[in-house]
S.K.: 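The structure follows.
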Number of protein chains: 6
Amino acid sequence: MRIRLINPNTSAAMTEKMAVAARAVAAPGTLIEAVTPASGPVSIESHFDEAVAALGVAEEVRRGEAEGAEGYVLACFGDPGLLAARELARGPVVGIAEAAFHVAALIATRFSIVTTLPRTAIIAEHLLAQYGYAQHCRRVRAADIPVLDLEDSGSAAYARIVEECLRARDADGIGAIVLGCGGMADLAQAISRDIGLPVVEGVTAAVKLVEAVAGLGLGTSKFGDLAWPPAKRFTGAFAGYSA
Amino acid sequence: MRIRLINPNTSAAMTEKMAVAARAVAAPGTLIEAVTPASGPVSIESHFDEAVAALGVAEEVRRGEAEGAEGYVLACFGDPGLLAARELARGPVVGIAEAAFHVAALIATRFSIVTTLPRTAIIAEHLLAQYGYAQHCRRVRAADIPVLDLEDSGSAAYARIVEECLRARDADGIGAIVLGCGGMADLAQAISRDIGLPVVEGVTAAVKLVEAVAGLGLGTSKFGDLAWPPAKRFTGAFAGYSA
Amino acid sequence: MRIRLINPNTSAAMTEKMAVAARAVAAPGTLIEAVTPASGPVSIESHFDEAVAALGVAEEVRRGEAEGAEGYVLACFGDPGLLAARELARGPVVGIAEAAFHVAALIATRFSIVTTLPRTAIIAEHLLAQYGYAQHCRRVRAADIPVLDLEDSGSAAYARIVEECLRARDADGIGAIVLGCGGMADLAQAISRDIGLPVVEGVTAAVKLVEAVAGLGLGTSKFGDLAWPPAKRFTGAFAGYSA
Amino acid sequence: MRIRLINPNTSAAMTEKMAVAARAVAAPGTLIEAVTPASGPVSIESHFDEAVAALGVAEEVRRGEAEGAEGYVLACFGDPGLLAARELARGPVVGIAEAAFHVAALIATRFSIVTTLPRTAIIAEHLLAQYGYAQHCRRVRAADIPVLDLEDSGSAAYARIVEECLRARDADGIGAIVLGCGGMADLAQAISRDIGLPVVEGVTAAVKLVEAVAGLGLGTSKFGDLAWPPAKRFTGAFAGYSA
Amino acid sequence: MRIRLINPNTSAAMTEKMAVAARAVAAPGTLIEAVTPASGPVSIESHFDEAVAALGVAEEVRRGEAEGAEGYVLACFGDPGLLAARELARGPVVGIAEAAFHVAALIATRFSIVTTLPRTAIIAEHLLAQYGYAQHCRRVRAADIPVLDLEDSGSAAYARIVEECLRARDADGIGAIVLGCGGMADLAQAISRDIGLPVVEGVTAAVKLVEAVAGLGLGTSKFGDLAWPPAKRFTGAFAGYSA
Amino acid sequence: MRIRLINPNTSAAMTEKMAVAARAVAAPGTLIEAVTPASGPVSIESHFDEAVAALGVAEEVRRGEAEGAEGYVLACFGDPGLLAARELARGPVVGIAEAAFHVAALIATRFSIVTTLPRTAIIAEHLLAQYGYAQHCRRVRAADIPVLDLEDSGSAAYARIVEECLRARDADGIGAIVLGCGGMADLAQAISRDIGLPVVEGVTAAVKLVEAVAGLGLGTSKFGDLAWPPAKRFTGAFAGYSA
């Protein structure tokens with residue numbers, strides 16, 4: 001099975017880190033193709049970054065369909081462009097935020113999220129509400145570190161994240177932590193060891209959920225609102241999408 | 001006051017129709033600048049269309065800021081790119097879906113939405129939930145007409161819309177109808193006359209809400225998650241956004 | 001346009017203060033007629049005060065209809081008698097709590113309320129839930145000052161309110177503050193300057209929303225549950241309402 | 001125990017009917033004092049009627065406290081003035097809508113409401129949401145009969161109500177019916193016999209809940225927002241409330 | 001009236017304590033038959049304990065029906081097996097968690113729960129959500145004491161509970177406390193005296209609600225999903241349930 | 001990996017059918033051990049059946065732990081005893097209702113459930129609410145067939161189910177169907193072919209989710225409320241659980 005792992009930001013270092021994490025959990029027959037959009041923000045830390053990144057995601061799904069990808073992982077915790085990506089794909093498309101919520105809810109009754117920046121906490125809140133996990137999540141906590149600090153694994157960022165995880169563990173009444181950034185894909189096991197409770201990381205979780213859905217012979221529903229987008233004309237820079 | 005009315009799709013006929021409707025309700029001192037993005041879909045009927053259109057919206061808000069726009073109306077019922085647009089603007093930014101919900105809730109305890117296509121009903125549902133109007137809306141009804149049929153006012157589309165509005169009036173226990181497409185901007189009064197209850201249309205509603213917020217000396221909060229997006233590098237086609 | 005600004009309590013000083021604030025934001029053609037019911041509590045600090053005040057509101061709306069008022073602002077943060085007032089009016093009727101919630105949601109994703117007394121916080125909570133803003137409001141905070149202390153602008157009350165606003169700004173993850181009392185109508189700008197984020201005040205917000213709805217050619221729906229109350233007999237002190 | 005049964009409307013015939021129903025279920029030691037406010041609407045069929053009736057309720061609670069009432073039933077399905085009444089009372093105060101919801105939830109997982117007029121259905125919906133019973137109630141159904149038709153037990157109203165109850169039974173997936181009007185106090189048993197499932201009527205339910213709360217040695221909490229209203233000055237017709 | 005008070009755990013000391021509390025509030029004609037299942041956990045402090053206890057509850061309801069019980073109290077704060085018990089009974093069946101929530105909501109707008117162990121707080125949260133009381137409950141607080149410490153009334157447990165109740169009173173903005181364990185049945189009055197606000201205890205509350213429902217001539221609905229369970233074959237240890 | 005597939009009812013035919021379905025989707029390295037409790041109901045069609053079945057589930061998980069099971073599927077659509085099972089297990093435990101909801105939400109924005117009996121629809125509704133999928137599910141539909149009719153694949157039951165699925169497809173605005181009974185494990189593909197939209201079946205879905213969670217190196221959280229149940233004494237028939 002060929003899963004296209006799309007890093008919505010354009011940081012190749014982060015794509016590589018996520019590819020390593022994804023391959024570490026992929027089933028024997030799964031091929032992880034990690035891609036970075038040619039155009040987009042180097043990190044996603046605002047609604048605007050998300051809007052731009054969603055285009056890169058759509059572009060990569062279109063390319064994936066042409067190249068025979070059988071499933072997709074959207075590797076940014078805001079799940080940018082998720083529903084658009086689903087419209088464009090035959091196979092399953094899973095965002096890393098939703099993946100982490102699903103898995104956390106299967107192993108604990110309540111979890112907290114530890115993310116990077118306070119300003120993106122609202123994105124997580126909106127997703128929790130839309131996906132139905134608002135009650136399962138006790139609190140969205142921000143370690144207050146820029147996303148790209150995570151490129152460099154040995155940084156002070158790790159200590160800050162662990163510190164916030166410990167606070168969540170001791171104060172929130174939870175059974176698991178969800179890491180709220182694709183750039184933390186390599187940290188889950190170390191953090192879990194350091195804090196003593198399960199840590200769910202979205203990139204790896206999404207890989208397994210894509211495999212799971214595909215393993216059921218299912219893909220994105222092409223009946224209803226996720227059916228292929230109606231063919232139409234696009235203008236200007238997007239004329240290539242016309243059909 | 002200069003309000004930039006952004007039609008997220010690239011149908012100039014629809015932009016013009018919405019500009020006329022907007023100007024008909026604008027306050028004496030308000031200047032409506034109606035714009036159509038250079039690049040994008042000619043109509044918005046899917047999540048993918050929305051994702052592409054959000055870019056055009058962001059682009060037009062950036063241009064608007066440079067040209068001194070003091071407020072913005074996003075004239076597609078899915079409010080594509082709304083939060084991104086807010087990050088990019090100093091003045092108020094109002095989407096036509098949210099505008100219609102706000103106004104309908106001020107004049108009736110319950111309303112129903114009559115939109116174009118069944119497949120975009122889910123977008124309205126997501127917005128109702130995110131904005132807090134899920135309880136106020138009895139039902140999202142689709143007249144099952146393509147968006148561009150609305151370009152031509154004399155079409156059979158009108159009859160279909162009225163028919164669905166009558167069903168809503170008689171079955172839903174409501175006090176008002178919300179029209180669920182920017183392309184219906186010219187129809188509100190005629191429909192209201194034909195069905196005998198208030199009809200709220202988003203383009204006009206949004207103009208008045210932008211004026212209202214600006215009239216309070218308020219604009220988009222630049223404190224918290226709607227503050228200016230962090231400056232960063234963008235690559236490829238979006239390199240121009242780098243800062 | 002003639003807007004009747006109804007101060008549900010009978011403090012003339014507060015009515016005057018609110019009238020000044022309302023006129024400062026009203027559009028050129030808008031005439032603000034500020035009225036104080038002849039009968040009622042001098043301040044509204046309990047459910048009982050609200051119930052009595054609702055009668056004064058209804059009375060003033062009836063009078064307003066007779067005298068040609070085209071819209072109404074109910075200037076107490078509990079929006080007492082709002083739905084009754086709507087039944088009695090042809091034009092738009094807007095409460096200052098709902099107005100503040102609407103406007104705050106247009107400029108920020110999350111807000112907190114700073115009100116006067118802890119015991120009335122429950123009223124704000126009930127309104128947030130009924131209007132659909134429970135998710136948008138992070139917290140209802142009480143500065144713990146009696147309403148009438150606000151009559152005297154130079155009092156210690158101001159410092160207490162600012163203090164609570166600063167706590168909200170620093171702890172709540174918000175983009176705006178909503179002031180939870182009509183008696184704070186004159187304080188919004190000063191507080192905003194002192195705390196550095198937008199402050200939404202309901203009296204002024206309601207004036208602009210009434211203008212907005214009226215500017216759309218809309219009034220309170222007379223179809224459904226806000227239609228004129230069925231004519232009937234009233235007895236005793238209320239016999240005058242018989243029809 | 002002395003329970004004051006307050007009929008918020010001023011129809012003496014309805015008060016008498018409710019008194020009979022209340023006494024039929026009251027415990028041996030319970031004395032039902034049924035009262036009709038001197039001033040108010042003869043029936044409650046609108047938000048305005050409710051606002052006026054709330055005053056009569058408050059008045060009767062104040063009188064009840066002076067005369068030694070130990071508990072109160074508010075016998076109109078909109079529970080008008082309930083929280084105000086609680087502030088004014090030492091003993092328990094129970095509205096008939098809430099009472100019916102509580103009891104129905106104890107004997108069935110889901111219920112439907114059958115009320116009189118379509119226009120008051122919204123009042124029931126608001127109460128269901130505020131009290132927490134929105135999920136338990138499948139549907140609010142209106143038999144479309146004026147409240148005062150219920151004064152006369154032999155009328156066609158009964159047939160209409162039974163008809164609507166049968167529809168609810170067969171279509172709603174419920175275990176019980178809640179009757180949505182105090183004027184139906186005498187009909188519960190007959191309807192239950194006719195339709196074959198439990199019918200919960202609020203007047204009788206409220207009597208038993210007042211007895212239950214009092215039997216626990218509990219009354220309305222005087223700690224927090226239901227404590228006695230702060231003493232203050234009232235003006236005009238309400239000057240008598242000054243303290 | 002014969003009410004069967006079922007203590008789902010097998011601690012006879014606790015059963016006796018609850019029986020005393022129940023009899024202290026029961027109406028003159030009410031006979032409290034307190035029973036302890038022959039098989040089950042000595043205390044209920046986990047989901048597993050609950051699952052086992054639910055069997056004991058069902059067993060005791062079956063026995064109760066055979067012996068003519070007219071109503072049931074399930075005296076464990078997790079309401080284990082409540083819906084199963086209802087299917088098996090003709091009369092009303094009330095759990096002590098739901099009973100406490102109902103009564104607390106009748107005397108206060110908001111309450112907090114003080115329970116024993118942090119790990120069972122989730123059970124209370126699930127019940128609050130299912131019963132519709134999530135908004136009424138400010139916080140579920142755990143005094144962090146094992147359930148069986150409550151067998152011995154003079155223990156340090158009492159001080160811990162009062163301490164937590166005081167925190168709730170001072171921080172939560174509430175009007176009443178709900179005690180979150182059947183083993184606290186004898187403590188309500190003392191705690192209320194010590195903390196100065198109403199304390200609702202579930203065993204006593206449930207007795208009064210069972211009496212209330214029965215006093216209305218109502219029992220568990222036998223129409224819909226609480227009708228008698230379909231007769232079928234059971235195997236092994238449960239073969240006795242076959243019908 | 002050894003997954004213990006627990007059929008909570010005691011129908012060996014159904015266990016076998018589910019085992020076949022499970023094995024058809026299991027990964028190469030996965031061993032499905034399908035078990036039937038020695039004691040329990042032959043089908044689960046009521047709350048009481050569920051309560052009894054939960055014991056069988058717990059028993060089988062305990063046995064599984066002793067025998068080295070690494071994950072569990074609870075194969076009844078009510079997920080009986082799910083949280084108790086999680087407390088008793090080190091590996092992941094997934095119920096088939098939750099599994100189906102998770103998978104359906106990954107491939108469609110909205111789904112409907114088609115189950116067997118009207119009386120068990122309430123169980124699905126409670127689970128949807130607790131798990132957070134109430135908004136994703138449009139409707140719970142019952143084909144009105146007894147569970148054991150599904151033992152015999154060629155029966156009229158199949159036609160009834162397809163008929164209800166078609167109604168859901170045409171009326172509910174959905175993208176997928178969830179089959180609401182473990183006994184339908186063999187029908188998903190045929191139904192999907194007959195109705196033309198994806199059909200999610202819980203037994204198979206749960207197998208893949210257990211594999212997914214285990215593949216992440218995760219199991220049930222042993223921190224918080226799903227930690228091992230506190231050791232204690234059990235009496236009577238359950239004395240064997242004492243520790």
Side-chain angles (χ1 to χ4, degrees), chain A residues 25-29 83 86 92-94 98-99 101-111 128-136 169 173-176 188-189 192 195-201 204-205 207-227, chain F residues 25-29 83 86 92-94 98-99 101-111 128-136 169 173-176 188-189 192 195-201 204-205 207-227:
Chain A
V25 302
L83 294 180
R86 284 199 176 130
V93 183
V94 179
E98 69 175 343
F101 301 159
H102 282 259
V103 169
L106 291 175
I107 64 171
T109 53
R110 293 291 186 264
F111 59 82
L128 287 164
Q130 183 175 330
Y131 298 160
Y133 289 99
Q135 305 312 315
H136 300 76
R169 181 195 68 182
I174 56 174
Q189 290 182 6
S192 181
I195 67 171
L197 76 172
V199 172
V200 181
E201 188 282 317
T204 46
V207 168
K208 300 312 286 180
L209 291 184
V210 168
E211 289 178 348
V213 174
L216 292 165
L218 295 170
T220 297
S221 176
K222 292 293 120 184
F223 185 92
D225 69 279
L226 298 178
Chain F
V25 300
L83 295 181
R86 284 201 174 126
V93 182
V94 178
E98 70 175 343
F101 301 159
H102 282 258
V103 168
L106 291 174
I107 63 171
T109 54
R110 293 290 186 266
F111 60 82
L128 287 164
Q130 183 176 328
Y131 298 161
Y133 289 98
Q135 304 312 314
H136 299 75
R169 181 194 69 182
I174 56 172
Q189 290 182 5
S192 182
I195 67 172
L197 76 172
V199 172
V200 181
E201 186 283 316
T204 46
V207 167
K208 300 313 285 181
L209 291 184
V210 167
E211 288 178 349
V213 173
L216 293 164
L218 293 169
T220 298
S221 176
K222 292 293 120 183
F223 184 91
D225 69 278
L226 298 178

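Throughout, protein chains are lettered first and strands after them, A, B, ... in sequence-line order, and every chain is numbered starting at 1.
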S.K.: Can you tell me which portion of A205(A) sits under 4.5 Å from chain F's heavy atoms? Options are side chain, backbone, both or neither.
M.R.: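 Looking at A205(A), backbone and side chain both touch chain F.
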
S.K.: Apply side chain to side chain contact (heavy atoms under 4.5 Å, CB included) to V200(A) and H102(A), showing your working.
M.R.: CA-CA 10 Å; V200(A) 181; H102(A) 282 259; over 6 Å; no

S.K.: What pair of heavy atoms forms the shortest contact from P92(F) to V213(F), and how long is it?
M.R.: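 So the minimum-distance heavy-atom pair works out to CB-CG1, 3.7 Å.
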
S.K.: If you count heavy-atom pairs under 4.5 Å with chain A, which of Q130(F), R169(F), E211(F), Q189(F) comes out on top?
M.R.: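 With the most close heavy-atom pairs to chain A, the winner is R169(F).
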
S.K.: If you count heavy-atom pairs under 4.5 Å with chain A, which of V25(F), V210(F), V207(F) comes out on top?
M.R.: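 Between V25(F), V210(F), V207(F), the count favours V25(F).
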
S.K.: Quick check for you: to the nearest 0.5 Å, what is the distance between L209(F) atom CG and L216(A) atom CG?
M.R.: 7.5 Å

S.K.: Which pair of non-hydrogen atoms, one from S221(A) and one from G175(F), has the smallest distance, and what is that distance?
M.R.: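 Smallest interatomic distance, heavy atoms only, reads OG-O, 2.5 Å.
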
S.K.: Quick one about Y133(A) and Y131(F) (side-chain donor to acceptor, distance below 3.5 Å, no hydrogens or angles considered), yes or no?
M.R.: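 Per modelled atom types, Y131(F) and Y133(A) side chains form no pair under 3.5 Å.
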
S.K.: Highest number of heavy-atom pairs under 4.5 Å with chain A: which of A188(F), P198(F), A99(F), G224(F)?
M.R.: P198(F)

S.K.: Identify which of L106(F), L226(F), V103(F) forms the greatest number of heavy-atom pairs closer than 4.5 Å to chain A.
M.R.: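 Heavy-atom pairs under 4.5 Å are most numerous for L106(F).
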
S.K.: Would you call the rings of H136(A) and F111(A) parallel, tilted or perpendicular, where under 30° means parallel and over 60° means perpendicular?
M.R.: parallel

S.K.: Between K222(A) and A227(A), what is the shortest heavy-atom contact and its length?
M.R.: O-CB, 3.3 Å

S.K.: Checking Q135(A) against chain F: side chain, backbone, both or neither under 4.5 Å from a heavy atom?
M.R.: neither

S.K.: Quick check on V93(A) against chain F: is it the side chain, the backbone, both or neither that has a heavy atom closer than 4.5 Å?
M.R.: backbone

S.K.: Can you tell me which portion of A27(A) sits under 4.5 Å from chain F's heavy atoms? Options are side chain, backbone, both or neither.
M.R.: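 When you check distances to chain F, no heavy atom of A27(A) falls under 4.5 Å.
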
S.K.: In terms of heavy-atom pairs under 4.5 Å with chain A, which of V94(F), I107(F), T204(F) leads?
M.R.: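 The option with the most such pairs is I107(F).
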
